[in-house]
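A short worksheet on the structure shown next.
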2 protein chains.
Amino acid sequence: MKKNGNFYLQNMNNNDILSKQDAICLLDLINESLFCAKEKEFRILLDKLKNLLNFEYAVSASINLDKKGLIESYELVNLNYPAQWMEAYVEKRYDLIDPIVIENITKYNVQYWNDTYKKHNAPKKFVNTAKDVGLKEGYTYGLKNLEGTHGTIFSFSGPKYKQQLRTEYILKYVIPHLHQALIRFLKPNMKLNADKDDVLLSSREKEILNWVKYGKSSWEISVILHISERTVNFHVTNIMHKLDVVKRSQAVAVAIDQGYIQI
Amino acid sequence: MKKNGNFYLQNMNNNDILSKQDAICLLDLINESLFCAKEKEFRILLDKLKNLLNFEYAVSASINLDKKGLIESYELVNLNYPAQWMEAYVEKRYDLIDPIVIENITKYNVQYWNDTYKKHNAPKKFVNTAKDVGLKEGYTYGLKNLEGTHGTIFSFSGPKYKQQLRTEYILKYVIPHLHQALIRFLKPNMKLNADKDDVLLSSREKEILNWVKYGKSSWEISVILHISERTVNFHVTNIMHKLDVVKRSQAVAVAIDQGYIQI
DNA sequence: ACCCTACCTGTAATAAATTACAGGTGTTTT
DNA sequence: AAAACACCTGTAATTTATTACAGGTAGGGT
């Protein structure tokens, strides 16, 4: 199933690798990533994946690639990598020497760190510094978009982690969707973004707000969703409170602005 | 987990509904749809899904939607629906009377045909004609893109098919990905919207719409602009007519989308 | 066990929006 | 000069939205 370092998902016999619980969990993760449009939501997904894989730390980044496919700039979404490490990483441009990153943007394959370290003869100083902060073993995987302008990288690590097929299968299955989600919410926000991420609309609320956006009245939405008109109004009220607005039209504008719903 | 006829994917306990084999199969289907870029590949996926669901027939279509969300045109990818039926369907514009299609482009939810037939008081002639060619019972589900310009519809049918939760769960999980795949490989064939009528909001109208966006009521705007509340409503009415919408909240969304006002 | 959240529902008063009717001024275009 | 348009205003019926009251279930986490 591994062939020239390449990984064929389509023909793999994952029945023996993944438990039913794994499979169900992956389906849900993938499904949720379809509707993930905010960093806060993305972090929740990343955390779920980290826990599913029994890792200690997780970090991700979207990468702007130049014409040669090299890193032009990158933007971190750090779940819980040690802050001091990440600061040093950015400060000292570790991305230029980190063999994991280099391997990622050239091969875009699932990496077990120790394999890559051996393969690239990684600088011992760098590797040891990472190990000192708890990043001893880990996996990394990322993709790039079809145009080759943007890439992503997802790293999971911990003090102790053995290489296992299950982890590789799960990453192969789910990272492409997290990749899409990360690209999706980082693209429009490249300029402004950030700061007030306190609000989090529930999926039901977003669903209702979307119908409001399409000009549906409360009664119409109640028919569409098979709930009472009262419940629709209840949700709308909550939405307005969460977004700190006083009218539906304002809620639509704010939600679009903040990325809770798409136009 | 069916509650008031509504369907909660995120919280559903699919452990009892889907077998391990189902889950693994879905993961593979979803994964393959990520890399599906040609009609031939897409047909294979559609066939796999049809077989997984034990249906006899399957058909799909991508739909160009107009501003109201109604069908402007559509393009079929017919796996194995009876040819004579599909010809008649296109010829006689059945899409305009087919309650399944109408329900799809308004609700974008999983439909069990018999439910929809009852709900909409489907024309018996149409239903019986379908049944005569073997399309007795079935499921339909489709989505639209964020911009609301394109939709998809996936129908599965057979002479005998009972309503079952498993089918609904599977469709909920996998159709969004087939939707993406279908949109992806059909997009090159689609004309890029092009002729959007140059609606032009007057400066006063944009001014008022901006205050609406900020959640101001008509009375408040009248005070701000030193005009009567009646005049504000007059302008709002004109705005809605120009944008072809029926609610202020919808007007805000459309105007932002079309760039008439900024967020 | 308890708290928290998401979700759902009811009644009802008040505020606001939507639609319809009918009419006005001033400026620019043809 | 007439037509077209942006802008403005009034009255009034009807439909929606907003707010407030009060309450329910179900699941997850501590």
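In what follows, every chain begins at residue 1, and chains take the letters A, B, ... in the order their sequences are listed.
- dA6(C) atom P lies 13 Å from atom CD1 of Ile208(A), rounded to whole Å.
- Atom NE2 in His226(B) sits about 12 Å away from atom P in dC8(D), given to the nearest Å.
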Distances for protein N or O near nucleotides 15-18 of chain D N or O, under 3.5 Å:
| from | atom 1 | to | atom 2 | distance (Å) |
| --- | --- | --- | --- | --- |
| dA17(D) | OP1 | Arg248(A) | NH1 | 3.3 |
| dA17(D) | OP2 | Ser218(A) | N | 2.9 |
| dA17(D) | OP2 | Ser218(A) | OG | 3.1 |
| dT18(D) | OP1 | Arg248(A) | N | 3.0 |
| dT18(D) | OP2 | Arg248(A) | NE | 2.4 |

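- In this structure, Asn238(A) and Arg230(A) both approach DNA chain C, and ranking their closest nucleotides by distance from the 5' end singles out Asn238(A).
- If you measure from atom CH2 of Trp211(B) to atom P of dA16(C), you get 17 Å, rounded to the nearest angstrom.
- Asp115(B) is listed as a side-chain neighbour of Gln163(B), based on a closest heavy-atom distance under 4.5 Å.
- Atom-to-atom, NE2 of His235(B) to P of dT18(C) comes out at 15 Å; the value is rounded to the nearest Å.
- Residue pairs satisfying the salt bridge (Lys or Arg N to Asp or Glu O under 4.0 Å) criterion with at least one member in residues 155-167 of chain A, sequence neighbours excluded, are listed as follows: Asp22(A)-Arg166(A).
- Protein atom NE2 of His241(A) is 14 Å distant from nucleotide atom P of dA6(C), rounded to whole Å.
- Partners of Tyr141(B) under the ring pair (Phe, Tyr, Trp, His ring centres under 6.0 Å) rule, at least two apart in sequence or in another chain, do not exist in this structure.
- Taking side-chain N and O atoms only, Ser202(A) has a distance below 4.0 Å to OP1 or OP2 of dC7(C).
- Distances shorter than 4.0 Å separate some side-chain N or O of Arg204(B) from OP1 or OP2 on dC8(D).
- The separation between Ile44(A) atom CD1 and dG28(D) atom P is 16 Å, rounded to whole Å.
- Rounded to a whole Å, the NZ atom of Lys206(A) is 10 Å from the P atom of dC7(C).
- At a threshold of 4.0 angstrom between heavy atoms, the contacts of Ser228(B) are confined to the sugar-phosphate backbone, with no base atom among them.
- Rounded to whole Å, the distance from CZ on Phe234(B) to C1' on dA20(C) is 14 Å.
- Under the 30°/60° scheme for interplanar angles, the aromatic rings of Phe42(A) and Phe154(A) are found to be tilted.
- The side-chain hydrogen bond (donor to acceptor under 3.5 Å, both in side chains) check on Ser249(A) picks up nothing, with sequence neighbours excluded.
- Remark: Tyr89(A) pairs with Trp85(A), Tyr94(A) by the ring pair (Phe, Tyr, Trp, His ring centres under 6.0 Å) rule, at least two apart or across chains.
- For the pair Thr231(A) and dT9(C), the criterion of a side-chain N or O lying under 4.0 Å from OP1 or OP2 is met.
- Residues passing the salt bridge (Lys or Arg N to Asp or Glu O under 4.0 Å) test with Lys131(A): none are found, sequence neighbours excluded.
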